[in-house]
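One-based numbering along the sequence shown.
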Amino acid sequence: MTSMTRREFIAISAASLVTTSAGEKPAEAEAEAAPQLKPWYTTMRRCGQINFNETDPLTMDVNAWMDYWASLKVNAVLLNAGGIVAFYPTHVPYQHRSEFLGSRDLFGEMAAAARARHIRVVARMDCNYAYQEAFEAHPEWFERQRDGSPRTNSECPWLYKTCMFSTYFTEQMPAIYREINQRYAPDGFFTNGWPSTGPLEVCYCPNCLKIYRDQIGSVPPEATDARSAAYRKFYEITMNRIAQIWKLWDEIAKQGNPDSVYVGNLGGAFRTVKDLKRLAEVAAWFNADNQGRWQPDSPLWMCAGQGRVAQSVMNGRTITNVTGAYCTGQPDWRHSSKPAPETTLWMAQTTASGMVPWYHWLGGSPLDTRWRKTGRRFYDWLAAHESHFRNRRSLANLAVLYPQSTIAFYGSHGTHERQLNGTVIDPVDYLQGLYYALLEGRFLFDFVHQENLSPDTLRPYRALLIPNAAYLRDDECEAIRQFVASGGSVLATFETSRYNEWGEPREDFGLRDLFGVSVAGQVIGPANNSYMRIDRMHPVFAGFHDTTILPGPEFRVTVSHLPPDLLYASVVPAYPAFPPEMVYPRIPNTQEPAAVFQQEGASRIVYFPGDVDRTAWRSGDPDLSRLIANSIRWLMAGNTPPVSVLGKGMLELFAWETEPGFALHILNYTNPNMTRAYVRELYPIGPLQVEFTLPAGKRISRLEALRAGRSLPFRQTGSLVQFDVPSVLDYEVLALT
Ligand SMILES: [Zn+2]
């Protein structure tokens with residue numbers, strides 16, 4: 001802050017409290033009526049990040065950059081302050097100043113330019129690496145390999161990896177934060193790359209070895225291995241340390257500016273190891289660093305899925321999701337623009353799932369500037385309709401259990417990968433298969449984190465869907481049982497509740513009483529050419545005409561047999577697929593159920609002993625997907641769906657009660673690049689016939705298609721609103737007010 005006094009700065013900061021963004025009228029009336037007590041980031045709707053590189057002080061045009069961000073009407077920008085490289089004239093020893101900083105204070109200039117445009121400033125930090133100078137002065141700050149040598153960055157070996165159990169995190173980073181506080185009092189601090197939701201890392205520095213010795217009794221295993229007692233202690237110690245550091249950094253942030261906040265780097269979409277529930281307990285703001293499809297073969301919906309995972313622990317609190325405007329993928333190109341339709345659909349999923357977009361570019365002097373228009377177009381549109389993105393609650397009445405323990409630990413049973421009889425298992429595949437069936441079935445659903453299962457969190461939902469939550473705590477099983485006792489319905493697959501949260505097997509399913517069958521043997525599979533025989537018609541088999549067999553799951557738990565009068569679908573064991581002369585069932589008929597259907601009062605239960613969800617995902621077989629969707633429809637029979645959408649296309653739906661009324665978000669995934677990056681062209685769908693059920697007693701007077709930018713005719717009968725959506729190109733938001 002070169003030209004502003006601290007007092008002036010605080011005045012600007014206070015002004016921006018009542019200014020939603022540059023160019024908009026301050027919400028004075030509202031601010032006068034009720035002083036804004038909510039932290040600033042809870043009302044943030046758009047943010048942006050320019051990630052400086054070390055040479056940027058040579059050429060960076062501060063006003064041009066900040067004009068760009070102001071043109072996006074962002075509420076906040078993330079600007080590199082320090083950590084690996086300081087972009088301000090630091091005096092903290094061993095914090096490396098940009099070698100090109102010269103007499104500039106790039107962070108200070110950018111921060112002042114942002115504030116002059118009423119944009120909040122979050123200091124983007126990196127706590128993960130430091131230079132050799134720091135390593136030589138404070139070798140105790142750094143991680144060691146097993147042989148005692150320092151860990152260095154694979155691409156930049158002159159950077160040394162810091163140890164989060166060291167005083168680098170409790171003394172050096174705080175010293176840097178305090179210096180930045182004193183000079184700039186930013187509105188927040190964000191750390192790149194830390195703590196992440198990924199696997200734990202074993203460090204062999206003397207301090208860590210002492211912690212292992214004193215608190216664990218041995219060095220924990222390097223691989224994720226929840227069966228190891230040492231690993232479990234290490235997990236606890238790591239989560240405690242993250243919580244301790246997070247709180248410390250948040251306190252320090254607030255010393256500089258009471259409105260300030262510390263935000264760490266989370267994300268991981270479906271794939272998480274660190275305990276999200278515990279992270280959410282310390283996080284006032286959850287930032288999902290889920291910038292795009294890092295694997296070319298990943299499905300398009302991994303941003304919406306990220307939103308659902310984050311919502312499952314944040315319960316309506318602030319969640320941002322970073323959109324990398326550059327090419328995420330393999331290989332990635334950090335300085336090339338991602339195709340606009342892919343980028344836009346990523347931001348659309350962010351807002352549809354109730355998160356706040358955070359648009360990200362690297363390097364202050366881009367040669368490729370195509371990304372600029374993409375961001376401006378979406379943010380312009382978003383700003384014009386901001387109120388419709390202020391959500392109060394989800395209208396979904398269907399819950400999906402987010403099985404974090406299984407996703408974290410099931411895949412690595414003391415090795416890097418779980419192998420079931422020689423086949424490598426990806427524990428995310430069960431959830432992906434269910435997700436796909438939910439999209440195909442056009443269901444509205446929310447995720448509920450397994451550690452949040454309680455009568456309170458489950459109250460809005462009529463059914464709970466459990467995609468192979470093999471690892472469940474006793475009290476989580478009990479919460480599911482209570483949900484059923486109170487009339488809730490459940491779908492569960494495969495090894496659900498077979499183990500406790502650390503993977504220790506139970507004698508039988510923890511939910512045996514709900515499933516109606518017991519474990520009777522080992523997991524069978526991988527089975528090629530096995531079937532499910534339809535023994536007796538049931539609504540779950542709707543649409544399966546002219547067949548009495550369905551494709552069987554690749555794996556199944558051997559379960560106890562059912563008497564013929566309860567048997568609707570039975571296992572046909574695998575038989576040879578080649579050569580054709582040998583392709584006939586050796587055992588055409590068994591009493592082993594392939595599906596168990598139960599009903600008591602309002603509560604219905606479907607249990608599949610097979611991995612129908614995973615097999616549906618891996619094979620792409622539509623019969624299995626339909627079987628899952630039919631099961632959900634049967635569980636939900638008698639409940640009016642909050643939303644029904646008819647018409648061709650593959651889409652994802654979200655429906656929210658918003659501050660002005662209600663909003664239905666439709667994401668159009670109908671695209672040859674739905675499961676392989678990048679979307680390069682959009683294929684419009686429509687017309688779609690929509691039925692939207694309002695809460696009792698609500699009436700609407702207006703229906704707007706926010707992307708199309710026009711009002712639509714509708715008819716309301718009681719609480720049912722019916723309308724047609726003529727066309728959806730990439731995304732449409734129907735605002736009902
Ligand atoms: Zn260490």
Side-chain angles (χ1 to χ4, degrees), residues 1 6 9-10 13 39 41 78-98 105 107-108 111 120-143 159-196 201 203 205-208 210-211 237-266 278-279 281-285 287:
M1 202 160 43
R6 186 171 160 77
F9 152 69
I10 287 166
S13 181
Y41 49 86
L78 290 106
L79 303 171
N80 301 55
I84 296 181
V85 174
F87 290 92
Y88 68 98
T90 178
H91 295 294
V92 175
Y94 314 116
Q95 186 185 209
H96 175 90
R97 259 191 224 194
S98 159
D105 174 0
F107 175 74
R120 297 267 184 179
V121 172
V122 177
R124 181 270 191 202
M125 312 295 295
D126 195 305
C127 54
N128 306 294
Y129 290 95
Y131 275 71
Q132 187 167 356
E133 189 193 5
F135 176 72
E136 280 165 8
H138 287 280
E140 77 282 6
W141 283 348
F142 294 88
E143 284 195 358
L159 297 175
Y160 293 72
K161 177 93 176 66
T162 55
C163 175
M164 75 156 165
F165 287 92
S166 76
T167 52
Y168 190 84
F169 277 61
T170 50
E171 291 173 14
Q172 177 71 352
M173 285 304 297
I176 297 172
Y177 294 139
R178 288 193 178 102
E179 184 180 64
I180 292 168
N181 269 340
Q182 202 170 18
R183 294 184 189 196
Y184 314 100
D187 300 289
F189 286 98
F190 163 69
T191 49
N192 174 54
W194 192 88
S196 95
E201 201 163 275
C203 166
C205 79
N207 180 44
C208 283
K210 184 174 186 318
I211 291 170
I237 290 166
T238 302
M239 292 310 305
N240 288 344
R241 178 69 174 179
I242 291 169
Q244 178 204 351
I245 298 290
W246 194 301
K247 285 185 207 158
L248 172 70
W249 291 357
D250 192 56
E251 283 164 21
I252 295 169
K254 287 173 171 53
Q255 287 165 8
N257 172 352
D259 287 335
S260 186
V261 63
Y262 165 71
V263 54
N265 199 8
L266 304 173
R278 287 213 59 197
L279 291 167
E281 284 165 7
V282 291
W285 164 359
N287 180 48

Worksheet item: Just wondering, do D250 and V261 contact through their side chains at under 4.5 Å, heavy atoms?
Response: yes
Item to complete: Please say which of R183, Q95, H96 ends up in a side-chain contact (heavy atoms from CB on, under 4.5 Å) with T90.
Response: Q95
Worksheet entry | Check: E201 and T238 side chains under 4.5 Å, non-hydrogen atoms | no
Worksheet item: So do the side chains of L79 and Y184 get within less than 4.5 Å of each other, counting heavy atoms only?
Response: no
Practice prompt. May I ask you to decide if V121's main-chain N or O and D187's side chain share a donor-acceptor pair within less than 3.5 Å?
Written response: yes
Worksheet item: Side chain of N192, backbone of D126: donor and acceptor closer than 3.5 Å?
Response: no
Fill in: Nearest-0.5 Å distance, NZ of residue K161 to SG of residue C203
8.5 Å
Item to complete: State the CG-CD1 distance between N181 and I252, to the nearest 0.5 angstrom.
Response: 8.5 Å
Discussion item. Closer than 3.5 angstrom, by distance alone: can the side chain of W194 be matched with the main-chain N or O of I242 as a donor-acceptor pair?
Written reply: no
Discussion item. Could you report the tightest heavy-atom contact between Y88 and F107, atom names first, then the distance?
Written reply: CB-CB, 4.3 Å
Worksheet item: Which heavy atom in T191 sits nearest to a heavy atom in G264, and how many Å separate them?
Response: OG1-CA, 3.9 Å
Response to the item:
Taken to the nearest 0.5 Å, the spacing of F190 CZ from N287 CG works out to 5.0 Å
Worksheet, complete the sentence: Smallest heavy-atom separation, Y131 atom then I84 atom, equals CE1-O, 3.7 Å
Discussion item. Donor-acceptor pair, distance only, cut-off 3.5 Å: does the side chain of E179 make one with the backbone of H91?
Written reply: yes
Worksheet item: Within a reach of under 6.0 Å around NZ of K254, are more than 12 heavy atoms found that belong to other residues, nucleotides or ligands?
Response: yes
Fill in: Q172 side chain to P93 backbone, donor-acceptor under 3.5 Å
yes
Worksheet item: Any donor-acceptor pair under 3.5 Å linking the side chain of T162 with the backbone of N128?
Response: yes
Practice prompt. Drop me the distance from F142's CZ to Y168's OH, to the nearest 0.5 angstrom.
Written response: 6.5 Å
Worksheet item: Hey, are the side chains of I237 and F165 touching, using non-hydrogen atoms and a 4.5 Å cut-off?
Response: yes
Fill in: Q132 vs E136, side chain to side chain donor-acceptor pair (under 3.5 Å): CA-CA, chis, key distance, verdict
CA-CA 6 Å; Q132 187 167 356; E136 280 165 8; 2.8 Å; yes
Worksheet, complete the sentence: Heavy-atom closest pair (A283 atom, W246 atom, distance to 0.1 Å) is CB-CZ2, 3.4 Å
Item to complete: Name the orientation class of the two ring planes belonging to Y94 and H138 (parallel below 30°, tilted from 30 to 60°, perpendicular beyond 60°).
Response: perpendicular
Worksheet item: Checking N207 side chain against E140 main chain: does a donor-acceptor pair fall under 3.5 Å?
Response: no
Worksheet item: In terms of the angle between their ring planes, are Y262 and Y177 parallel, tilted or perpendicular, with boundaries placed at 30° and 60°?
Response: tilted
Worksheet item: Where is the tightest heavy-atom contact between S166 and C163, given as atom of each residue plus distance?
Response: OG-O, 2.7 Å
Practice prompt. Please lay out, stage by stage, how Q244 and V282 fare under the test side-chain contact (heavy atoms from CB on, under 4.5 Å).
Written response: CA-CA 9 Å; Q244 178 204 351; V282 291; over 6 Å; no
Worksheet item: Atom CE of M173 and atom CG of L248: how far apart are they, to the nearest 0.5 Å?
Response: 10.5 Å
Fill in: Residue pair L266 / P195, side-chain heavy-atom distance below 4.5 Å
yes
Worksheet entry | Closest non-hydrogen atom pair between M125 and I176, with its separation | CE-CG2, 3.6 Å
Worksheet item: Are any of the side-chain heavy atoms of W249 and C127 separated by less than 4.5 Å?
Response: yes
